Amino acid sequence: MAKKEAKNGAKKGNKKGKAAVKWSAVAGATGYQYRVAKSKAKLTTAGWSSARTSTTLTLKRTAKKRYLEVRAINSGGAGVAARRTIKAK
């Protein structure tokens, strides 16, 4: 599979202080990995999550902005990561 970027977009958080992030499924992907950090610089060194099949991630909103990257994976490896900012509450 050619490596493809996982398209994602941050959705508005719910009333319980959570931010729901959803992305479109990537054809041929068997799972997705993500990483979250408090700065863009720290994001590049943050570890990737274990593989998950869901295209939705719910994170607790914090008082500070955070950065998220999501990438599609399959037997050919990991695709290019898409980056989003999660706004502070």
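Numbering starts at 1 and runs along the sequence shown. Predicted model only: the values in this text are computed from it and were never measured.
- Chaining together hydrophobic side chains whose heavy atoms lie under 4.5 Å apart places Y67 alongside L43.
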Please report the C-alpha distance between T56 and W23 in whole Å, then the side-chain angles of each, then the deciding distance to 0.1 Å, and finally whether the side-chain contact (heavy atoms from CB on, under 4.5 Å) criterion is met. CA-CA 7 Å; T56 302; W23 56 90; 5.9 Å; no

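- Proximity of a side-chain donor or acceptor of T62 to a complementary backbone N or O of K64 within less than 3.5 Å is detected.
- Proximity of Y32 to V26: side-chain heavy atoms (C-beta onward) are separated by under 4.5 Å at one or more points.
- For residues 34-50, the side-chain hydrogen bond (donor to acceptor under 3.5 Å, both in side chains) pairs, not counting sequence neighbours, are R35-E69.
- Screening residues 50-59 for salt bridge (charged side-chain N to carboxylate O under 4.0 Å, His left out), with sequence neighbours left out, gives no hits.
- How far CD1 of I86 is from CG of L59: 4.5 Å, rounded to the nearest 0.5 Å.
- Between the CG atom in L68 and the OG1 atom in T85 there is a gap of 9.0 Å [rounded to 0.5 Å].
- Between T55 and K22, the closest side-chain pair of non-hydrogen atoms is not below 4.5 Å.
- Among residues two or more places apart in sequence or in another chain, the salt bridge (Lys or Arg N to Asp or Glu O under 4.0 Å) test is passed with R66 by none.
- Going from atom CD of Q33 over to atom CD1 of I73 covers 4.5 Å, rounded to the nearest 0.5 Å.
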